[in-house]
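Comments concern the structure below.
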Amino acid sequence: SAPGGGDDEGGGEEGPIKVGVIVPTTGVVAAAGTDMLNGWNLYWEINGNEVAGRTIETIHEDNAGDPTTTLTKARKLVEQDGAAVIVGTLLANTALALAEYLDPLDDVIGLNPAGSADDLSQRGVVDNYVRAGGWQSSSPTHVAGDWAYEQGYRKVITLCQDYAFGHENCGGFTNTFTDRGGEIVQQLWAPLGTPDYSSYLSDIDPASADAAFVLTVGADSGRFVKQWEDFGLKDNLPLIGGETTLEQSLLRAMGDEAVGLQSFGHYAEGREDSATQEFVDEYVDAYDQLPSYYSASTYTAAQWFAETLEAEDGDMSDVPAFLETLKGYQLDNSPFGPMKLDEHGGTIATMYLREVAKDEEGRLYNQVVEEYPEVSQFWNYDPQAFLEQPVYTREYLGEDWPESCDQFASDCPLEGE
Amino acid sequence: MNTLRLVKWASLAAVVGLTVALPYLVSSFYVNMATQMLFFGLFALSINLIAGYGGMVTLGQAGVLGIAGYGLGIFYTSYAVPLGVSALLAIISTILVAAFFGLLLVRASGVYFLMITLAQGMVVWGVAQRLTTLTGGDNGLRGIARPPFAVEYWSYYYFSLAVVAFCVFLIARIVRSPFGLSLKGVREAETRMAPLGYDVKRIKLFAFTISGTFAGVAGLLLAMYNNFFSPPSVYVKASAEGLLMSILGGVGTITGAFVGSGVFVFVTNYVSGYMERWPTLLGLIFVLTILFTPDGVVGAWQRLVWAPLLRRYGAADEAELIEVGVGGGGLLSDRDLKGSKSAIEAGSAAPSEEPSEQVEETRAGS
Amino acid sequence: MDETPSEQSGARPVLRLTGVCRHYGGLRAVSDVSFEVASGERRAVIGPNGAGKTTLFKMISREEPTTKGRVEFLGRDITRMPAYRVAKLGLSRTYQITRVFPALSVLENVVLATQGLRPGRYQMFKAAMSNKALVEDSERAVEQVGLQRVTKTPAAELGHGEQRQLELGIALAQKPRLLLLDEPAAGLSAVERGMMRDLVKDLPDDMTLLLIEHDMELALGLADYVTCLHNGSQVAQGNPEEIKNNERVQDIYLGRGD
Amino acid sequence: MLTVSDLHSGYGLSEVLNGVTLEVPDGKLVALLGRNGMGKTSLCRSIMGLDPPAIRSGTINYNGTKVTNMPPFKIARLGLGYVPQGRHIFGSLTVVENLAMAHRSPAGSSQGEDWDLERVWEMFPRLAERKANVGAQLSGGEQQMLAIGRALMTNPGVLIMDEPSEGLAPVLVDQLGERMQDLKRSSLSMLLVEQNYSLALKLADILYVMENGRVVFAGSPEELDTSEDVKRRYLGVGV
Amino acid sequence: MSGRQFVLLSLNGISFGALLFLLSSGFTLIFGLMRIVNLAHGSFYLLGGYVGLTLMQGGQSFWVAMIGGALAIAILGFVVERGLLLRVRGRTMPEVLLTVGLSLIFADLALARWGGDPILLDRPSQFAGTVELSGVTYPEFRLLVLGLGILLAALMWILQSRTRIGAIIRAGVDDREMVSALGINVNAVFTGVFVFGALLAGMTGVIGGVFLSLYPGADGEILNFALVVVILGGLGDLRGAIVGSLLVGLIDSFGRSLTPSLSYFLLFAPMALILIFRPRGLFGRATVD
Ligand SMILES: Nc1ncnc2c1ncn2[C@@H]1O[C@H](COP(=O)(O)OP(=O)(O)OP(=O)(O)O)[C@@H](O)[C@H]1O
Ligand SMILES: Nc1ncnc2c1ncn2[C@@H]1O[C@H](COP(=O)(O)OP(=O)(O)OP(=O)(O)O)[C@@H](O)[C@H]1O
Ligand SMILES: [Mg+2]
Ligand SMILES: [Mg+2]
């Protein structure tokens, strides 16, 4: 007989619901992880932690940004604390590790607010790990590629961070931009933690291209943006940023060098809609800084979960049913704007063209220049055809794909050429 | 004296009993912690083997562990080789890579050894990050299975226990063997060994390869435990943590490695849930160990608890052996890595004849 | 007078040096030394400080490369052989500056020496100390140098004189064909010196001995034949009497005092 | 004047000096004899404040200052020079650096002239030839010369020498003896540990013999040379 | 490669090298002379930068911040040396491992105090602009770093050749006990060197905060560079630190540009090669260790 002690059940029909939140609050990505934790807590502070008669008990665990630790912590939350819901995590690799753990469990629900790895809603869907307030890396950049062509850019240089997230971002941009007939004239890859971008920047000749698409993350972003100005490129070459190059948690540390730069993302703290602004105001009140998309993501995940639970009358005992409701839920007023999932579990949401501006208090923020509502993770490709392609990697950026118009669901740009 | 023996055997029996019965006593969470303690302990022990016994401190052992972890993942998930065969191939790859690394290390010692191993670890990490098609890059490799008979947490615990126990048995024999003694000889006076008939390079190569093999076994267990393997597991930090574990418990002892891994697993798995500043705690434990019990938890136990007991019950000889620290390795004890402190006491400028020879040899060799 | 005993007897020499040189940059530490040592011979190498005696030993034991010339041991050219293989042919040495294994016990020190020449030295699965023959041989060597009272003491805790004895024990445990002793009596008191002399005297007849020693009473008392080095070159050789009376040797080495 | 009274020191649990009392009067050369392992080096180290051995009880005085349990560098600055057994020269420093780093101007108004490189070269011409070599490359005897030269460079008031003749060629031992006579004339006090009985007898004003951590004989050279019993029992000379 | 690009890459390599020199000169002092592999040197750098940040947030100028960062870390270095390292002095491995433990603690405490956001410090206003150098736009601040590097090299050169300190420290590594028996307070000398190295690290932290930004993990990244510099150049050798820094700076700069896909190995492959063929680095001397 199988040995073992008992779990105490944290889901079910009644009693408190235990929710484990795994985000990094130590280690290299601690800042963004803290934003996530804050966002999550903020929701419950505002709305109270009782939903449909059930108390939500949050247990936070730190994974230090490490995949193996993520597994350890997930085990602890589920097996030791009896968590019925796991929320997290931040980095794509930790999210993938978590997905691996959750996959065989049939009584635990995972909410994925930030792990943006494309495949989590494409080729490697894990049923009980649901994007809630989350996104796909390539969704904003699909828009960006298309937009760049619209702007009249024909030759673009890409500079992306050399790891999966960077590959997916660059892939999204490259795929749609080249579909329209644009040409990537130079591809640069910078490893995570590049101390000095000057080598890459000195490789860029402003005369050879119409614009540059850049995706950096974390501390690299600050260095990049500074040096972009230092080496005289800011005024000579239009920059198309990816979401994380100019997102709020990094803007806090940037100066005038960032003002006026444009980027694409699924979140803009400057969005004027009341849902966003209320969230921003509350957040500023509570934490004295503008919220980043990390904060918004867990806030939204909380909202998503709470509203589903409400709809289910607080009953979580039938996990498949609960999951169905969860996935079918539509948020009309999240800080991101309207948000819902497609049949694969991919987020359908508004993408923004954003521009960094300075508010009266001297804080930098992203204001909205342009909105692209209801962007699917498949852009306007045919989902089936899209899924037959491999995920974007350094080797496959979708440059030569698709070849024909039957691989589009709508608006085939190939016809125009 | 007899009562003491009895106590010793009784406590040993109790430990063995507890170890075997564990899954029937505590919940899966603790059993999983014990499983981690087992393979991290094996990893620490593999470092102990070269650092504690051989005096060659490595900061790249996680890289070697990673060869096995990635090997298993690649063969099993990308090439669909059966699990057992994949594991075997992974271990063979580890042995080959460890031997290759060892070849680059045979002429180095001390700080230089540390540096080269550090570089080797970084190269493995770089490859893991960069060769995305093979290793999955930053995302790592998913879908690594456990053996079909050890899928459950408890059966995997027993599986790990069996594997680790077997490895410990081997290591215990190795350190007492003639080879083990030669290894200590290299630690104590490397240049004295060749004139006694030992091929020092061979000893170092063997030691590094053997230790790498055990690290590889730990790597397999780690990969199967998590069903997953990714670059952080091979990063320098992981190597440093392994070193930390072996020191925490006591360098040059076998139990020490497991005590060390136990403390480590406890802090990272359990304490970290209750204490936000747990990395500080880990660092503090580490610093305090080095300052106050240089021979680790096990050493301190022996000195502070066991030896007085022995003395009290009339086994003064044995007590003195412990107090004096015979054979206790002593990487961290009063002696320096190269034994220069003792050389001072012994009234000898022992190392002073060496360097010119080494330089000469290097020139002749290159 | 230039003929060494082995040349006289015509037997195959245990050790033959032909034009051996060792240069450090401009310094000729050893230059053009040639001699033969016959089996069972006890030869002293003397000379002022820095004459090149220790360097010569290092070349014979292959711890130091030979700049020029040829070293033959038991009829084999060992000029380029690695040190550990030379050791296995039957060559052991002691060091002027003590080099023992500090953290290991006296017995372990000697066991390390004993097992170094046996085939099982890299063997991994039997306990080293459970090999009866090996341990007994080692214990005998420990007794031979008078350290039986401290077999379990770590070498680091021995006094200077005891360490010198251990140094010798390590070499003797290997039962070498050729034993190189580099100032074995340095730092020994008169009593221990006497013991050392007796010990060396009692070494088996077929063990060939090369000895560096500044204690002339001891060196000349033990040796059959003496080679004197100065600034790296051989300046004199002969039997002890001849050397004692050699003016050059008196001049550069012995001094007029005694 | 250096005085040691009722000194007990030991390593770990064992005691190796069991109440040593000894005196080095100004300008005298005191020789300390004894078989191996009797505690001579331990005594020197205790005087220099080097640990181990740890001093358990007793006092050491130099010119009226109690130096027991002072850190070694302070003791040395008071004017105690030390030639350790086993040379302990600095292997990675050149001969010149070894000497230069040790140089210190004499403590207080000193006797004799200041020691400098020239004087050391004069004393050991062989060292002058090896000036630029690092210590590790020297021969055993050369290292010994360097150790002596280095101690002299500190311009000590009392020089403690632990078997300085070890490894020196006979001719050099003679010369060293002569130099020590010179030093004595310049009124430097010396504590000389020796295995070379005749050298000690020739140089010393006062002799001590140690056995198992105790002084078993103290007296003049004549007294020692005539005490056959002491010589035989504790030194093994003349057997 | 165009001429413009070549000039840029060279300038970048050299100025980055200068920054590395500022850091590794202290590291090589501690590592090379005292044989302490101070793996907390990166933490000193990062903490120095953070102290500078706090000062600058308090309205102080860059220069005050730089001096403040340097002094704060000097004090920290003093505490670490006297309080901790002194207890394990002369035992190579405990020394190394102690600094590993400290780096864990420092990193975590820095995170607790300064948070995890990457922060780029402001440049000193006097050097905030750019200059035109043979047709290339180049930030003045980088040239300032280059100047500081040269200044420090000169200073250390004088220090090393005009004083006995260098010899005393090397002697202390060979045989510490003997040095003290010669009347030299070896502990004080060692503490002095350690504190000086820490001071340089703290100062470089503030400069690096402008150059590279401060964030959790910066300690480890910069330490890797310093390690490579010192190993390439040879332990404890000033020339080694200079040449090593320049070499690493240039390899990094040109390497990233020419063979971006190898950038993970850029640092470590040459280091491994050098160690295999010249185990003591380019300028490493045959020392006793
Ligand atoms: N590695 C080296 N580099 C330069 N010179 C060296 C080296 N090794 C030895 N020497 C020099 O070579 C000479 C011979 O040294 P060796 O040790 O052979 O002398 P020795 O005859 O044994 O003297 P001693 O009786 O003092 O031990 C010495 O002058 C020594 O300084
Ligand atoms: N570091 C140590 N730890 C423990 N015991 C020691 C240590 N050093 C010396 N001893 C012991 O102390 C005793 C005295 O040693 P010491 O070196 O003082 O003798 P010595 O008279 O100088 O002998 P020698 O003539 O051989 O130099 C010896 O029995 C020795 O075993
Ligand atoms: Mg010699
Ligand atoms: Mg002595």
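Chain identifiers are assigned alphabetically (A, B, ...) following the order of the sequence lines, protein sequences preceding nucleic acid strands; residue numbering begins at 1 within each chain.
Side-chain contact between E/T99 and E/V37: absent, with no pair of heavy atoms (C-beta onward) separated by less than 4.5 Å. Looking at heavy atoms from C-beta onward, E/N38 lies out of side-chain contact with E/V80 at the 4.5 angstrom threshold. The closest side-chain heavy-atom distance from A/R363 to A/V284 is below 4.5 Å. Side-chain atoms of A/E168 and A/T393, non-hydrogen and from C-beta on, never get closer than 4.5 Å to each other. Contact of the A/F173 side chain with the A/I184 side chain is registered, since non-hydrogen atoms from C-beta on lie closer than 4.5 Å.
Between the OG1 atom in A/T298 and the CG atom in A/L42 there is a gap of 9.0 Å [rounded to 0.5 Å].
For the residue pair E/Y215 and E/E221, a side-chain donor N or O sits within less than 3.5 Å of a side-chain acceptor on the partner. A donor and an acceptor atom, one from each side chain of A/D66 and A/T69, are located under 3.5 Å apart. Remark: the E/H41 side chain and the E/D219 side chain contain no N/O donor-acceptor pair separated by less than 3.5 Å.
Electrostatic pairing of A/K358 and A/D256 counts as a salt bridge here, judged by a charged N lying under 4.0 Å from a carboxylate O.
In this structure, chain A has a heavy atom under 4.5 Å from the side chain of E/T130, while its backbone stays farther away. Both the backbone and the side chain of A/T26 come within less than 4.5 Å of a heavy atom in chain E. Heavy-atom distances place the side chain of E/L111, and not its backbone, under 4.5 Å from chain A. For E/F141, no part lies near chain A; criterion is any non-hydrogen pair under 4.5 Å.
For A/P291 against A/E269, the heavy-atom pair with the smallest separation is O-CB, 3.9 Å. Taking every heavy atom of both residues into account, E/D122 and E/F62 meet most closely at O-CD1, 4.0 Å.
Distance alone, capped at 3.5 Å, is enough to place a donor-acceptor pair between the A/T174 side chain and the A/C170 backbone.
Residues of residues 216-227 of chain A lying under 4.5 angstrom from chain E, judged on non-hydrogen atoms, are A/G218, A/A219, A/G222, A/R223, A/K226, A/Q227 in numerical order. Residues of residues 11-28 of chain E lying under 4.5 angstrom from chain A, judged on non-hydrogen atoms, are E/N12, E/F16 in numerical order. Of all residues in residues 235-254 of chain A, those placing a non-hydrogen atom less than 4.5 angstrom from a non-hydrogen atom of chain E are A/S249, A/L250, A/R252, A/A253.
Applying the side chain to side chain contact (heavy atoms under 4.5 Å, CB included) criterion to A/Q262, with sequence neighbours excluded, gives A/W147, A/L353, A/E355, A/V369.
Comparing E/G217, E/P216, E/A218 by how many heavy-atom pairs each has under 4.5 Å with chain A, the most go to E/P216.
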Walk me through it: do A/T94 and A/T70 pass the test side-chain hydrogen bond (donor to acceptor under 3.5 Å, both in side chains)? CA-CA 6 Å; A/T94 57; A/T70 306; 4.6 Å; no
